[in-house]
Amino acid sequence: MTAGIVLFLAGLCWPLIGRLPGDLFIKKGNVTFFFPVVTCLVISGVLSLVLYLINHLR
């Protein structure tokens, strides 16, 4: 249930963090390629910090 709430909140915040500078966006003709490199790095850093704090405070 907690994971569902976290995923729901992340979905609500996605438009705020979904298109950061440094994300790859290539459009040629009818083909569009989008890879959120910087967004993935930010999410990874935040999750690592949260998990570190949770583990450190236990």
Side-chain angles (χ1 to χ4, degrees):
M1 206 161 148
T2 304
I5 292 170
V6 169
L7 288 174
F8 176 76
L9 293 174
L12 289 176
C13 295
W14 188 256
L16 301 174
I17 61 170
R19 299 291 289 263
L20 294 175
D23 291 344
L24 297 176
F25 182 77
I26 300 169
K27 185 172 184 178
K28 290 188 178 180
N30 293 335
V31 178
T32 302
F33 177 75
F34 176 68
F35 186 70
V37 177
V38 176
T39 303
C40 290
L41 290 173
V42 169
I43 291 172
S44 175
V46 169
L47 284 176
S48 295
L49 180 64
V50 168
L51 292 175
Y52 172 77
L53 291 174
I54 289 172
N55 192 29
H56 186 68
L57 294 175
R58 267 195 315 165

Asks: Which atoms form the tightest heavy-atom contact between Asp23 and Val38, and what is the distance?
Replies: OD1-N, 3.1 Å
Asks: Can you tell me how far apart CG (Leu7) and OG1 (Thr2) are? Round to the nearest 0.5 Å.
Replies: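 Answer rounded to 0.5 Å: 11.0 Å.
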Asks: Should the heavy atoms of other residues, nucleotides or ligands under 6.0 Å from CZ of Phe25 be counted, would the total exceed 12?
Replies: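 Counting other residues, nucleotides and ligands, CZ of Phe25 exceeds 12 neighbours.
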Asks: Have a look at Thr39 and tell me which of Leu41, Ile43, Val42 forms a side-chain contact (heavy atoms from CB on, under 4.5 Å) with it.
Replies: Ile43
Asks: Linking I/L/V/M/F/W/Y whenever their side-chain heavy atoms sit closer than 4.5 Å, directly or via other members, would Leu12 and Ile5 fall into one cluster?
Replies: yes
Asks: Among Val50, Asn55, Leu49, which residue satisfies the side-chain contact (heavy atoms from CB on, under 4.5 Å) criterion with Leu53?
Replies: Leu49
Asks: Side chain of Ser44, backbone of Cys40: donor and acceptor closer than 3.5 Å?
Replies: no
